[in-house]
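Scope of the values below: all heavy atoms of this structure, side chains included, with no hydrogens, waters or symmetry mates. Each chain gets a letter, A, B and so on, in the order its sequence line appears, and its residues count up from 1.
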2 protein chains.
Amino acid sequence: MKNIKITVEYDGTNYFGWQKQKNGVTIQQKIEEAIKKTTGEIVDVIGSSRTDSGVHAKGFIANFKTNSTIPSDRFREALNSKLPGDIVILKSEEVPDNFHARYSSKGKTYCYTILNKYEPAAIGRNYVYHVKGRLDTEDMKKACRYFIGTHDFKAFKSTGSSVKTSVRTITNLHIEIEGNLIKIYISADGFLYNMVRIIVGTLLLVGISKLKPEDIKKIISEGQREKAGKCVPPTGLCLEKVFY
Amino acid sequence: MKNIKITVEYDGTNYFGWQKQKNGVTIQQKIEEAIKKTTGEIVDVIGSSRTDSGVHAKGFIANFKTNSTIPSDRFREALNSKLPGDIVILKSEEVPDNFHARYSSKGKTYCYTILNKYEPAAIGRNYVYHVKGRLDTEDMKKACRYFIGTHDFKAFKSTGSSVKTSVRTITNLHIEIEGNLIKIYISADGFLYNMVRIIVGTLLLVGISKLKPEDIKKIISEGQREKAGKCVPPTGLCLEKVFY
């Protein structure tokens with residue numbers, strides 16, 4: 001039995017996130033169906049994380065066990081021929097039996113994209129969060145540095161998940177400007193539920209001068225969810241890379 | 001009665017092109033419906049061109065006559081509140097009574113985007129044409145120059161349109177590379193039916209070395225449709241700007 005690791009790009013617009021559920025079609029379900037059509041096997045595809053409805057991925061990682069004799073690197077094309085156009089397998093490869101897309105992960109990088117202009121976009125509207133008013137990106141950049149490091153991020157977590165600890169290490173948080181787009185890159189050893197989207201919502205409060213960059217320090221130390229910003233929409237969020 | 005000019009961005013993925021028709025929903029129809037909801041008037045919205053099904057626009061121009069007292073520049077927000085997210089009015093302004101989005105036009109710029117990598121894209125797949133094999137973009141750039149100028153482009157026209165002459169002036173045709181994207185910009189005083197998409201299809205023959213750059217000269221002078229390349233898909237095409 002082989003353990004196959006796949007790297008997946010997907011447009012999450014039309015899915016109820018990664019994980020299988022009763023309410024709607026998910027990416028996990030689509031990939032498991034494609035494997036069944038390819039090998040005849042019913043497998044559990046393990047994902048590196050549970051992305052929410054509407055969230056995208058450029059480098060999602062998953063793995064599954066198979067008895068198929070299809071060469072490992074051929075799964076890519078075999079599965080792509082069975083998948084809809086909004087899910088693409090970029091790579092398939094055999095990995096050691098103990099590789100687990102979720103538990104073996106050492107960290108992830110997400111990118112959140114804000115479109116900062118008066119009019120919304122028609123083209124690419126599913127990949128950005130539109131913010132009408134002008135944002136102070138210099139202050140937002142200053143605010144970023146207060147998040148970096150090992151902190152208890154309980155102020156930046158939505159309820160509904162049960163985790164042992166809300167301490168996480170943010171290894172990188174920086175902003176890149178591309179025309180009207182503000183791209184917020186964030187890397188950490190792990191993320192709490194909605195953590196990226198709440199951090200971005202808090203950076204937006206800095207961007208509209210409702211918070212000063214240095215206020216971030218206090219919000220982290222006080223640990224009160226209501227002091228942080230709102231959870232911004234999923235459309236702007238994209239899982240860029242998973243580290244192992 | 002005022003003459004209102006609107007600048008429109010749209011994602012053509014879910015539309016049967018610009019012009020009203022019986023077979024499906026079009027952008028013209030959606031805008032006329034939005035005007036009816038806003039002013040109560042049934043108007044004819046005149047478009048600068050008839051973009052095909054699946055073609056996008058960043059700067060489409062249209063105009064319509066209205067008796068409404070809504071200030072001209074307020075039509076933008078009024079219409080946007082009635083339009084779906086894939087059609088956005090970027091600007092509305094009053095123009096002289098004789099302004100006609102189509103007849104007053106002096107030229108247009110289109111951009112055709114090719115994604116040139118082995119795997120297709122999931123994210124942004126509706127805005128590109130995926131070409132798997134490596135393209136020789138240097139030869140494609142060399143080929144561009146043979147198109148520029150005033151020529152009879154009858155080899156680069158699909159049947160089904162009746163025009164008096166197939167002579168057009170291409171004022172600019174150049175290629176920009178952005179990572180895996182090949183962006184082909186083309187400006188002319190007017191375009192024949194499918195002209196941009198057939199020119200791109202012909203440039204692709206140069207890109208895979210089935211044609212030499214200098215062959216373009218002969219294809220133009222001979223004027224035979226079958227010597228030119230195929231008409232590439234609409235997804236990669238975007239109307240960038242209309243000149244007046």
Side-chain angles (χ1 to χ4, degrees), chain A residues 6-15 18 27 30-31 34 51 54-60 73 75-81 83-92 111 113 115 117-130 132 178-181 233 235-240, chain B residues 6-15 18 27 30-31 34 51 54-60 73 75-81 83-92 111 113 115 117-130 132 178-181 233 235-240:
Chain A
I6 51 176
T7 306
V8 192
E9 175 179 331
Y10 56 78
D11 178 331
T13 306
N14 297 318
Y15 296 98
W18 164 262
I27 295 124
K30 282 289 180 188
I31 293 177
T51 61
V55 173
H56 315 290
K58 285 185 181 165
F60 191 93
D73 62 337
F75 269 101
R76 177 182 63 179
E77 296 219 42
L79 297 180
N80 281 340
S81 71
L83 284 166
D86 50 7
I87 303 176
V88 174
I89 310 293
L90 298 175
K91 198 176 179 183
S92 62
C111 178
T113 305
L115 174 70
K117 64 192 266 272
Y118 191 80
E119 307 83 9
I123 294 173
R125 71 200 173 285
N126 294 325
Y127 310 125
V128 299
Y129 171 44
H130 176 234
K132 218 172 190 170
E178 291 178 17
N180 294 315
L181 300 177
T235 50
L237 189 59
C238 183
L239 173 61
E240 296 280 317
Chain B
I6 52 175
T7 306
V8 192
E9 175 180 332
Y10 57 78
D11 178 332
T13 307
N14 297 319
Y15 296 98
W18 165 262
I27 295 125
K30 283 289 180 188
I31 293 177
T51 62
V55 172
H56 316 290
K58 286 185 181 166
F60 192 94
D73 62 338
F75 269 101
R76 177 183 61 181
E77 296 218 41
L79 297 180
N80 281 339
S81 71
L83 285 165
D86 49 7
I87 304 175
V88 174
I89 310 294
L90 298 175
K91 197 175 179 184
S92 62
C111 178
T113 305
L115 174 70
K117 66 192 266 272
Y118 191 80
E119 306 84 9
I123 295 173
R125 70 200 173 284
N126 294 325
Y127 309 125
V128 299
Y129 170 44
H130 175 233
K132 219 173 190 171
E178 291 179 16
N180 294 315
L181 299 177
T235 50
L237 189 59
C238 184
L239 173 62
E240 298 280 317

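A/Ala121 touches chain B through backbone and side chain together, each having a heavy atom under 4.5 Å away. If you measure heavy-atom distances from A/Lys117 to chain B, the contacts under 4.5 Å come from the side chain alone.
B/Asp86 and A/Ala122 make their closest contact through O-CB, 3.4 Å (heavy atoms, listed as atom of the first residue, atom of the second, distance). Across all their heavy atoms, B/Glu9 and A/Ile123 have their closest contact at OE2-N, 2.9 Å. A/Asp11 and B/Arg125 make their closest contact through OD2-NH1, 2.9 Å (heavy atoms, listed as atom of the first residue, atom of the second, distance).
Of the listed residues B/Leu90, B/Asn80, B/Ile89, the one with more heavy-atom pairs under 4.5 angstrom with chain A than any other is B/Leu90.
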